[in-house]
Each structure stands twice: as C-alpha cells, then as structure tokens.
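Just so it is clear, the values below take in all heavy atoms, side chains as well, and ignore hydrogens, waters and symmetry mates. These numbers were taken from a predicted model, which means no experiment stands behind them. Here is how names work: the chains are called A, B, and so on, in the same order as the sequence lines, proteins then strands, and each is numbered from 1.
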2 protein chains.
Amino acid sequence: MSSLRDVAERAQVAVSTVSAALNGTRPVAAATKRRIEQAAAELGYRPNLLARGLQSKRTRILALLFPAPRSGFGLTEMQFATGAAEAARELGYHLLLSPEHADPIEELRHLTGLGLVDGVLLMEVRLDDERTDFLTRAGVAFSMIGRTRDPGPIDYADIDFAATARDAVAHVAGLGHRKLAFFNHSTDAYAAQYGPAIRAGEEFARAAGAAGIGYVDDFRPGSAEEGGRAFEALMAAHPDVTALAVMDDHAAVGVLAAVAARGWRVPEDLTLMLVLSSSRVAEMFHPRLTTLEPPSAELGRLGARMLIDRLEGGPPGEGGPQGEGGPPEGGPPEGGPQRRLVPCRLVIGDSSAPPRPYHGGLDPEQGEPPYGRGSPNDLQNGSA
Amino acid sequence: MSSLRDVAERAQVAVSTVSAALNGTRPVAAATKRRIEQAAAELGYRPNLLARGLQSKRTRILALLFPAPRSGFGLTEMQFATGAAEAARELGYHLLLSPEHADPIEELRHLTGLGLVDGVLLMEVRLDDERTDFLTRAGVAFSMIGRTRDPGPIDYADIDFAATARDAVAHVAGLGHRKLAFFNHSTDAYAAQYGPAIRAGEEFARAAGAAGIGYVDDFRPGSAEEGGRAFEALMAAHPDVTALAVMDDHAAVGVLAAVAARGWRVPEDLTLMLVLSSSRVAEMFHPRLTTLEPPSAELGRLGARMLIDRLEGGPPGEGGPQGEGGPPEGGPPEGGPQRRLVPCRLVIGDSSAPPRPYHGGLDPEQGEPPYGRGSPNDLQNGSA
DNA sequence: CTGTTAGCGCGTTCAC
DNA sequence: GTGAACGCGCTAACAG
C-alpha cells in the first residue's frame, strides 16, 4: 500500500503538505493541491486508519455489543446490527461486532482498553443494566438500543411502546372488538428484566383503558404448549374476549392450534395479532398474522447515528470520573441527551376481522359460527 | 489509558524490556518480569492495538462482508456473523461487520485499502463471484462461507449438500416413502447463481437416484401462493408422491394450506420437510416441521478459523500479484487450501410419518385416511 | 503558502 | 539480561 510519503515524493512536496491538501486542514495552493490529488489518485493512495487513529486518538470504529443468542432471538437483533453498520458506514465509521458471553463487564473492560473503538453501542438493554454504569464510569461514549429504567443522560433509541399500543388498540377497537387480551412474554429470569416485555405490558393496559375497551393480561405463555393452554384458560375465564395480542411467536402457534382444535377459525372467531414480530415471521403463519413490526433497522441506525453525533459533538473528557462513583454532573454536551422513540409498524394480515356478533352460550361443537355481518371495512391505522 | 511507558516507569525498567516481558519476545529475568507484570496489572495496562498494528502490520481484525438483506434472509445469515465473531474473539481477533450495497468491489477496494483488516470473510458467495477475483488479485487473505463453482486454492466452509441430501432421503425412505418431491428456491436472478439452491437440487436428485426411490423436482415456488399452486400441480402430475422437501419457507406455508384445503393432513397424508431452515423456523409451523437445519454458526466459526489459520500460517507476500493477472502459482502455504464441508442437522418434527398405504383412486373428500400400518420405527439418520 | 520537526504507542533492531 | 534508538504512517506544531 502506498503511503503518504509515496504521494509526497511523486508530487514533489512535503508529507505534511499532502496531509493538509487531502484533509483540508490548512490552505494549500490550488496548483499544488491538484498535483497532490493526481499523484494520490495515480497511486491509489488510501490513508492508513491505524496511523491516523494513533495520532488523532479517534479510530472511527464503533463496537456493537452483541449478546449471545438466547431463545427468542431473531431477525430483530440482526437488523439492529445491519442498521447500525449501514448508518456507521454512511458516516464514515466502521462497526465492530463484539459478542458478549459470560462476563459482559470484563468483556467491556477489555474491549475499551484496547483503544480500538471510539464508542460502544448497547443492545438488549435491561431495566437495570450494569454495563451502563461501567461505561459512564469509564468515560466511554455509548448509546443504547432500548433503554434502562432510568436512562438519565444517556442517548437511546427505543420502540415507542405507547404509540404502538395505541395503534394496536385502535386497530382492534376500530374493527368493533370490545375486549382485548394480551399475552406477554413468559416471566423467566430474563424477561423479568426485559424492557420491551415490561413496557409493552404497561402500555397495552394503559391504551386499552384509554380506549375504554375490556382488557385482560393474566397470561404469559412462553411456548406453543403454554400458548394453547393459556388460550383455553382465557376463554374459560373471559369468553367475551374476541381479540388477542401475543408477544411470543411460539405462543401464537399454540393459540392457533387451540383455536383450530375447538373448531374455531381466525379471524372469524378470533382476531389474533403479533406484537413486536417482524412481518416475515407473521407471514409464516396461516392465516398470515397481523403484526406490530418493530423498527429494528431504524433503531440500529439511530443508535449509531446518535453515538456518532456525540463523538463528533465534543471529545469526551479524557478518562472521565474513575472510581469517584458520583453520578455525572451537568448535562451532556450540547443540550441534553438524545432520546428517540419510534413506533412499530402495524402490518395488517389476514387474522384481523370484526368480532362475531354473539358469543355467550354458543356451543363450540356447533361448528361453523355465523359470519360477521359488517364487511371488514377499512381498517384504521393509528398514528402511523 | 496507561501506556507501555507508564509501566516501564513504574517498574523501573526500559520500555523495550516491558515489551519483551509481556510478549515473551526475548528472555527476561524472572524477578524483573514479575515486577513488570505487577506494575502492568496495577495500572490496568492494555496494549494499544493501533500502535501494535501500525508496527507489526497486523491488526488482528477481520471483516465480514455482509450483503444487504434480501428476501429470504434470516437467522442463518445472522448466525454466520455471530459464529464468526465468536471464533474470532476466542482466537484474539475482532470482527468488523461490513455491509455491502451497490458496488461490492468498490466497497472492498475501500475497505482493504485502509489497512484496517488483515483478512476478509465472504458470505453469500455466488457460483461466479467477482469478489474472489478481486481479493486474490489484490493479495488480500480471505475465506468463504459457501463457495464458488470452482474454489481453486481458496479456503472455504460450506454445507455438505451430498450428506444432507442423503440424510433427507434416508429419512423419508426409512419411513417407507417411495417417491419424493423437491421444491427448490424460485429461479430468480439471484437464485440462479445461488450455490445452495443449485447444489441442494443436484444432490437431492443424486441421493434419490442412489436410494432407488422416485423423485420429482419440477417446481420452484417462491411464495406461499406459488407453493400452494405447485403442490396442486405436483399432485395432479404425480399423485404417488408422498413426501415433499421444500427449500423456501414461504412456499411451505402455501403447501400446508393446500394440503388442508383438500382435506388432507400432515403427516398422515404427506410427509413435509424443510431444507436449510433453522429449527426455530420449523417450529413456527403447525404441525412442527421436520427440517434440515444448516450449521450456520459452525460455518461462521470455521470460516473465521480458517482465515486466521492462514494469517498466522504465513504472512502473505506484500501486495501479491498486482495487475499481473496470472493465476496464483504454487499452492497456498502449508499444504493446500482448507475445505470444510459440514452436513445439515436433521431435526425431526411432527410432519414426518410413514406414507398412507394406498393412494391411487382414493377420493380426497372421504376424509380421514387410514393410518399407516407400520409404526414410525426408529428413524434413520444417515452420515451424522 | 510550504517544509521541518516532533510524537502518538508499540516492536525491534542494535549496543551495552 | 537490559537500555537506547529508530520507524510504522500520520497529524500537529512551529519555522521559513
């Protein structure tokens, strides 16, 4: 690879002049500049990022901390990565994919100590996330995809759960449903700290309340089997529920099976929708399920962009508070943290329809329930 | 961040001694070494990767070229990335996620010119892939996940399609099926050059022939609708087919619907299996589909490992043949390219069963076909 | 406007 | 065994 010096020799100037000409660091005579640019082009010169980074203390490399794929891991997580990588590239940065495993903190200490990355992008952020403490303490720039319970001054991009829940409720209410059930993720060790599960649960309840429709969220099936059982239990306890929103893909499989088992059909007897599942997943179902598709790639892009903004905005203090332990005082540079909330996209499938007219004492074995009267008129799409 | 010099001062030695002690480059007195190590630990010293890279010409950073998510993109591709990243980490390397977009070659030229990466990992390799030419010509070390038509001296890790097809055929033949159909990916611009589609197609035909069972592969549905139509066409032309292997997830959805539409059931009336789909996807179906799950993470790991092996093996000639155009003469360092083929894992779901005893003139509307006689005896698992 | 010099943090010659 | 000096490729300070 040709270096700056090669270009300098070829253009008959000093190295520093080449550097200046190429970076616009200081004025260079037009003629000289032209010669330099031509020489650089002829040699196919590319600045060496390492040398530049060593000097400038800025590598233009970001690290995305990538958790070990747990169950329920899918397209969404991948799209964080691709979105972030693309945004980074567009802004002249690179994205390092750093797998997390046993000890995230040790991992982080190692990674940030290498001087290789300018900032870190966190995903799968838990409500209480030790990684954020470490990073702020270490004075490392970072942003989050998702957010902790109290993000404080940290930049983040997350799903707008309130808007998402409103859209979902508006959708089913617009179809005429009067009572909605919500199956959240299973309450295992992880989900207990998993932001989306918590926030979606809260916001669905709130949205249903605001819309004045009935609401049930007593079930948390984490598998197909549990999904089926939960649906049966739901019908037993709340036979007037006609619409169901499900967080867990596999649970939805069980629901569909249970619906079929009692001779019912979707959407005639039940409006079923996925929450936070990509439309690619929703299409795997039969019928194609309505879903609230998370804006994963967009969140990845935003996360990267926010981080870069911060990096460019003001070089973070060298080192930052080490072990002092005090919470960072005085807001972040240039007017407060960036907080971006983006709603899911409602993708209407073939599993949404008006509720059947009557349900009360109908014998399930009677088979074919009557078709709804109203034609499935234009479906409302909330705050898109 | 503390540097080598800080450690040197603290340990009362020269920088070069510290370097030597930490890297084992040359003998250092035990006592001195101990002092140095302690000083380093106390300061939390981490070698600066950029400085080291600048000096040693080796960054220990690999780039994974990540194609723009096309349709049909999923878990598999993500697992290449996570697998590669993990393997890299274990071996002391880092993985850069480099999104590809319009002009892959220009992208590559840029990336490799920066001096940031030691080698490149290619995925989604096409039968004729211009990227390989560029890389060999540019003298950049690389390996492939997947492979070109003629890989030549290039290291690669790919699916063992022959073994995979044998396993699939053995599975259905073991159940008693006598005629198998295979639905390949749709023949669009991409798939036409898409290795897995081609190779799977070839090997299934070969395996069926070797096993002496009937075989049909005239259909290439790329969507649910096409899948349904293809299934109907298949049944019309080959009513004696009792087992079906499908490459495209969405097509399988259509098949399932078509099966249900004619009052048939899986697996009683049709054994259905997915080919090259993760079990997570197979579980989304009802019934849970049997699948040949691609060893994606493993391929990612292997790809990274091979690349690193090559990097460590022998430092590639500086620059390599530039524009000379001649094919590289004399095999690669240390005995031939590495070629790793790993078979898919057969994950048996609820869609596999013996064929129904008779099929010929049976009226589909007759409903419930008789159950197969033989119990689904132990399923064969070919060359696992 | 341009050239010279210094130094980023490290590994690697060399003398000692 | 150890230390001092040089250079990787680049940017930044100063001189001219």
Side-chain angles (χ1 to χ4, degrees), chain A residues 1-37 39-40 43-61 92 112-118 312 315 318-319, chain B residues 1-37 39-40 43-61 92 112-118 312 315 318-319:
Chain A
M1 261 306 125
S2 54
S3 79
L4 209 54
R5 206 180 45 168
D6 301 330
V7 180
E9 284 177 3
R10 196 174 225 281
Q12 301 288 2
V13 289
V15 238
S16 64
T17 308
V18 179
S19 172
L22 263 30
N23 297 315
T25 302
R26 70 182 185 195
V28 172
T32 319
K33 186 169 178 179
R34 191 186 310 279
R35 271 215 326 282
I36 291 176
E37 282 169 348
L43 288 156
Y45 167 77
R46 299 276 159 200
N48 183 310
L49 282 198
L50 284 101
R52 176 176 290 182
L54 185 57
Q55 161 62 30
S56 64
K57 298 296 206 179
R58 305 217 20 241
T59 62
R60 299 180 80 85
I61 299 178
T112 59
L114 265 16
L116 186 58
V117 305
D118 286 346
E312 317 256 274
E318 315 246 12
Chain B
M1 261 306 124
S2 54
S3 80
L4 209 52
R5 206 180 44 167
D6 302 329
V7 180
E9 284 177 4
R10 196 174 225 281
Q12 301 287 3
V13 289
V15 240
S16 62
T17 309
V18 179
S19 172
L22 264 30
N23 296 315
T25 303
R26 71 182 183 194
V28 173
T32 319
K33 185 170 179 179
R34 191 186 310 277
R35 273 215 324 283
I36 291 176
E37 281 169 349
L43 274 83
Y45 167 77
R46 298 275 159 203
N48 183 310
L49 280 198
L50 280 86
R52 175 176 290 183
L54 186 56
Q55 160 65 29
S56 64
K57 297 297 209 179
R58 306 217 18 240
T59 63
R60 300 180 79 85
I61 298 177
T112 58
L114 264 17
L116 187 56
V117 304
D118 287 345
E312 317 257 275
E318 316 246 12

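- Spacing between atom CG of B/Leu22 and atom P of C/dG9 amounts to 16 Å, rounded to whole angstrom units.
- Within the 3.5 Å criterion, the main-chain N or O of A/Gly53 finds no donor-acceptor partner in the side chain of A/Thr59.
- Under 4.0 angstrom from either OP1 or OP2 of C/dC8 there lies no side-chain N or O belonging to B/Asn48.
- Taking atom CZ on B/Arg35 and atom C1' on D/dG3, their separation rounds to 13 Å, with Å as the unit.
- Side-chain proximity of A/Tyr45 to the nucleotides C/dG11, D/dC10, C/dT4 is greatest for D/dC10.
- As rounded to whole Å, 8 Å separates atom P of D/dA12 from atom CG of A/Asn23.
- A donor-acceptor pair is defined here as one N or O able to donate and one able to accept, closer than 3.5 Å; such a pair exists between the side chain of B/Arg35 and the backbone of B/Ala11.
- Here the straight-line distance linking atom OG1 of A/Thr17 with atom NZ of A/Lys33 works out to 13.0 Å at 0.5 Å rounding.
- One interatomic measurement links the two molecules: CG of B/Leu116 to P of D/dC10, which rounds to 14 Å at whole-angstrom precision.
- If you take CZ of B/Arg34 and C1' of D/dT2, they are 18 Å apart, rounded to a whole angstrom.
- The distance between atom CD of A/Glu9 and atom P of D/dC10, rounded to the nearest whole Å, is 13 Å.
- When distances run from any side-chain atom of B/Thr17 to the nucleotides D/dG3, C/dT12, C/dT2, the shortest one goes to D/dG3.
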- [ ] Any chance you could lay out the side chain to side chain contact (heavy atoms under 4.5 Å, CB included) test for A/Leu114 and B/Arg60, step after step, and finish with the verdict?
- [x] CA-CA 12 Å; A/Leu114 265 16; B/Arg60 300 180 79 85; over 6 Å; no
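- Using a 4.0 Å heavy-atom distance criterion, A/Leu54 is classed as a base contact.
- For B/Thr32 and D/dT2, the shortest distance from a side-chain N or O to OP1 or OP2 is below 4.0 Å.
- To the nearest angstrom, P of D/dG3 lies 16 Å from CZ of B/Arg5.
- When distances run from any side-chain atom of B/Ala29 to the nucleotides C/dC1, C/dG11, D/dT2, the shortest one goes to D/dT2.
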- [ ] Take B/Ile61 and B/Leu49 through the side chain to side chain contact (heavy atoms under 4.5 Å, CB included) test and state the conclusion after the steps.
- [x] CA-CA 10 Å; B/Ile61 298 177; B/Leu49 280 198; 5.7 Å; no
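- Among C/dG11, C/dC1, D/dG1, the nucleotide with an atom closest to any side-chain atom of B/Pro27 is D/dG1.
- An OP1 or OP2 oxygen of D/dG9 is reached within less than 4.0 angstrom by a side-chain nitrogen or oxygen of B/Lys57.
- Picking from D/dT11, C/dG11, D/dA13 the nucleotide with the shortest atom distance to the side chain of A/Arg26 gives D/dA13.
- Atom CD of A/Glu9 and atom OG of A/Ser3 lie 8.0 Å apart (nearest 0.5 Å).
- The distance between atom CZ of B/Arg60 and atom C1' of C/dG11, rounded to the nearest whole Å, is 14 Å.
- Residue-level contact check: A/Val15 touches neither bases nor backbone, having no heavy atom under 4.0 Å from any strand.
- Each of B/Ala51 and B/Thr25 has a nearest nucleotide on DNA chain C; the 5'-most of these lies closest to B/Ala51.
- For A/Gln55 and D/dG9, a side-chain-to-base donor-acceptor distance below 3.5 Å is absent, hydrogens and geometry of angles not being considered.
- Nucleotides D/dC6 and C/dT5 place their C1' atoms 15 Å apart, quoted to the nearest Å.
- Using a 4.0 Å heavy-atom distance criterion, A/Ser16 is classed as a base contact.
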